Amino acid sequence: MAENLLKGKLGIITGALDENSIAWKAALKAHEQGAKFVLTNAPIAMRMGAIKELADHCKTIVIPADATSLEDIEKLYSESKEYLGGNFDFLLHSIGMSPNIRKGRSYGDLNYDWMNKSYDVSAISFHKMMHVAEKMDVLNEWSSIVGLSYIAAQRVYPFYTDMADAKALLESIARGYGYRLGKMKKVRVNTISQSPTKTTAGTGIGGFDAFFNFADKMSPLGNASAEACADYIITLFSDLTRFVTMQNLFHDGGYSTTGISEELMEQFKDL
Ligand code: NAI
């Protein structure tokens, strides 16, 4: 494994809730690769406590911030800048939550206040993080911003309900801000469209086990794990991907371009 890909780089990692979180694995890898960063999560997630262990391991601090609050993001950036001693080279947005999914509401029966909440938490917070970063001028040239998406942004997965629309918005924001920050400061912005992954956010989706197993059988390489996703995130934060921007990058073992696999055909042949 290459070493020190992120040596000297400073950043912020959102969304590490527990050891299954994609952001948790990304933090471990970023630390291994020589980055210095601040961890953050919503104040409510912080009360669950696990993130402190991660911070100790990564020799850093945790600054609570609700990613839907502009004031919280401002405070997060100013305190992180002070702690890290400079502007940022990377930001990871690894945040998603839908009250409609939590409460089991179907696509035809969504609560619209909750739908707005899903968009705000899962997509508009990405816009807010970049908006505040631009206003406070806290990004270094050639820095890299990554958000996490899912293929339900392009294709229908009925149980993904309003999160599908939130992901479509997230990917669109990556393009919009990718253009803007690219022109302004050579900053790149991408989303990674990840395989189904067994995390708190993932397993909260109705029918998760079925579409996890389906995707695993469909993908020639099998589902990509959270750890493999973290590896990919590190490459996007490194200087080896400086001209990749405004992309939605599938990290899914080949799922998105496979029509059908032999394993799945086998299951349908005698129907
Ligand atoms: P997770 O549940 O470990 O992480 C989601 C995080 O969002 C949690 O740490 C939670 O505290 C945080 N969060 C929720 N509301 C927040 C707020 N208002 N402010 C700040 N943080 C807030 O689950 P996972 O899977 O690691 O999720 C990370 C990202 O990956 C999400 O965007 C998710 O949609 C995406 N993703 C997950 C997949 C999966 O199957 N698990 C597949 C594709 C994408």
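As the structure is a prediction and not an experimental result, all values here were calculated from the model.
Under a hydrophobic-cluster definition in which Ile, Leu, Val, Met, Phe, Trp and Tyr are linked whenever side-chain heavy atoms come within less than 4.5 Å, directly or via other members, Ile61 and Leu54 are assigned to different clusters. No path of Ile, Leu, Val, Met, Phe, Trp and Tyr side chains, each step under 4.5 Å between heavy atoms, connects Val121 with Leu17, placing them in separate hydrophobic clusters. Note: the hydrophobic cluster containing Ile260 also contains Phe211 (ILVMFWY, side chain heavy atoms under 4.5 Å, direct or indirect links). One hydrophobic cluster, built from ILVMFWY side chains closer than 4.5 Å, holds both Leu240 and Phe237. Side-chain heavy atoms closer than 4.5 Å link hydrophobic residues (I, L, V, M, F, W, Y) into clusters, and following such links, possibly through other members, connects Met136 to Met129.
Proximity of Leu221 to Tyr255: side-chain heavy atoms (C-beta onward) are nowhere separated by under 4.5 Å. Between Thr40 and Val62, every side-chain heavy-atom pair lies at or beyond the 4.5 Å cut-off. Under the 4.5 Å side-chain criterion, counting only non-hydrogen atoms from C-beta, Asn87 is not in contact with Leu139. Within the 4.5 Å cutoff, side-chain heavy atoms of Leu28 are placed close to those of His57. A heavy-atom distance below 4.5 Å is not found between the side chains of Lys167 and Asp165. Two residues are said to be in side-chain contact when any heavy atoms from C-beta on lie closer than 4.5 Å; Asp66 and Ile44 fail this criterion. Within the 4.5 Å cutoff, the side chain of Val146 has no heavy atoms near those of the Leu91 side chain. Looking at heavy atoms from C-beta onward, Leu5 lies in side-chain contact with Ile234 at the 4.5 angstrom threshold.
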**OP:** Could you give me the CA-CA distance, side-chain angles and deciding distance for Lys25 and Asp231, then say whether salt bridge (Lys or Arg N to Asp or Glu O under 4.0 Å) is met?
**Re:** CA-CA 9 Å; Lys25 316 265 188 211; Asp231 283 331; over 6 Å; no
**OP:** For the pair Leu6 and Ser238, evaluate side-chain contact (heavy atoms from CB on, under 4.5 Å) and give the outcome as yes or no after the intermediate values.
**Re:** CA-CA 6 Å; Leu6 304 186; Ser238 83; 4.1 Å; yes
Original post:
Could you walk me through whether Lys59 and Lys36 pass the side-chain contact (heavy atoms from CB on, under 4.5 Å) check?
Top reply: CA-CA 9 Å; Lys59 301 190 174 31; Lys36 268 182 75 183; over 6 Å; no
Subject >> Full working for side-chain contact (heavy atoms from CB on, under 4.5 Å) between Phe126 and Ile145 >> reply: CA-CA 10 Å; Phe126 195 39; Ile145 301 175; 3.7 Å; yes
**OP:** Quick one: do Trp114 and Arg102 satisfy side-chain contact (heavy atoms from CB on, under 4.5 Å)? Show the steps, please.
**Re:** CA-CA 10 Å; Trp114 295 346; Arg102 282 198 176 173; over 6 Å; no
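Donor-acceptor pairing under 3.5 Å is recorded for the side chains of Ser149 and Glu171. When only modelled atom types and interatomic distance are considered, Asp18 and Thr200 share a side-chain donor-acceptor pair under 3.5 Å. Under 3.5 Å, the side chains of Ser125 and His93 contain a donor-acceptor pair of N or O atoms.
Not a single donor-acceptor pair under 3.5 Å links the side chain of Arg105 to the backbone N or O of Thr161. Distance alone, capped at 3.5 Å, is enough to place a donor-acceptor pair between the Gln247 side chain and the Thr245 backbone. Of the possible donor and acceptor atoms, one in the side chain of Ser225 sits under 3.5 Å from a partner among the backbone N and O of Ala228. In this structure, the side chain of Ser144 engages the main chain of Leu236 through a donor-acceptor pair within 3.5 Å. Between the side chain of Ser195 and the main chain of Ala224, a donor-acceptor pair closer than 3.5 Å is present. Put simply, the side chain of Thr68 never gets that close to the backbone of Asp120: no donor and acceptor are under 3.5 Å apart. Looking only at distances, a side-chain donor or acceptor of Asn190 sits under 3.5 Å from a matching main-chain atom of Met246.
Tyr83 OH: more than 12 foreign heavy atoms inside a 6.0 Å radius. Residue Glu82 qualifies as open at atom CD: its count of foreign heavy atoms under 6.0 Å is 12 or below. Atom NZ of Lys186 has 12 or fewer neighbouring heavy atoms from other residues, nucleotides or ligands inside a 6.0 Å radius. Heavy-atom contacts from other residues, nucleotides or ligands closer than 6.0 Å to CD of Glu262 number 12 or fewer. By the neighbour-count criterion of 12 heavy atoms within 6.0 Å, atom NZ of Lys135 is densely surrounded, having more than that number from other residues, nucleotides or ligands.
Qualifying side-chain contact (heavy atoms from CB on, under 4.5 Å) partners for Ala23, counting only residues two or more places apart in sequence or in other chains: Ile13, Ala16, Leu92, Ser94. Under the side-chain contact (heavy atoms from CB on, under 4.5 Å) criterion, Ser98 pairs with Asn100, Ile101, Ser118, Asp162, Met163, sequence neighbours left out. For Tyr157, the ring pair (Phe, Tyr, Trp, His ring centres under 6.0 Å) partners are Tyr150, not counting sequence neighbours.
In terms of heavy atoms, His251 sits closest to Tyr232 at CD2-CD2, 3.6 Å. Scanning both residues, Ala226 and Gln194, for their nearest heavy atoms gives N-NE2, 4.2 Å. Across every non-hydrogen atom of Ala174 and Thr191, the tightest pair is CB-CG2, 3.8 Å. Residues Leu84 and Gly11 share a closest heavy-atom pair of CD1-O, 3.6 Å. Considering all non-hydrogen atoms of both residues, Pro220 and Thr258 come closest at CD-OG1, 3.3 Å. The minimum heavy-atom distance linking Arg242 with Asp239 is given by the pair CG-O, 3.1 Å.
Atom OG in Ser256 sits 4.5 Å away from atom CZ in Phe250 (nearest 0.5 Å). A distance of 9.5 Å separates CG of Asn223 from NZ of Lys217, quoted to the nearest 0.5 Å. Between the CG atom in Asp89 and the CG atom in Leu10 there is a gap of 5.5 Å [rounded to 0.5 Å]. Ser261 contributes atom OG, which lies 8.5 Å from atom CD of Gln267 (distance to the nearest 0.5 angstrom). Taking CD1 from Ile205 and OG1 from Thr199, the interatomic distance works out to 8.5 Å, rounded to the nearest 0.5 Å. To the nearest 0.5 Å, atom CG of residue Asn41 and atom CD1 of residue Ile95 are 7.0 Å apart.
Here Tyr77 and Phe88 bring their ring centres to under 6.0 angstrom of each other. In summary, the aromatic rings of Trp142 and Phe243 are positioned with their centroids under 6.0 Å apart.
A salt bridge links Glu79 with Lys75: the distance from a Lys NZ or Arg NE/NH1/NH2 to an Asp or Glu carboxylate oxygen falls below 4.0 Å. The existence of a salt bridge linking Glu227 and Lys29 is confirmed by a sub-4.0 Å separation between a basic side-chain nitrogen and an acidic carboxylate oxygen. With respect to Glu134 and Arg180, a salt bridge is recorded, a charged nitrogen being found less than 4.0 Å from a carboxylate O. A salt bridge is defined here as a Lys NZ or Arg NE, NH1 or NH2 lying under 4.0 Å from an Asp or Glu carboxylate O, and Asp113 with Lys117 fails to meet this definition.
Taking the centre and axis of the six-membered ring of Phe212, the NZ or CZ atom of Lys198 falls inside the cone set by 45° and 6.0 Å.
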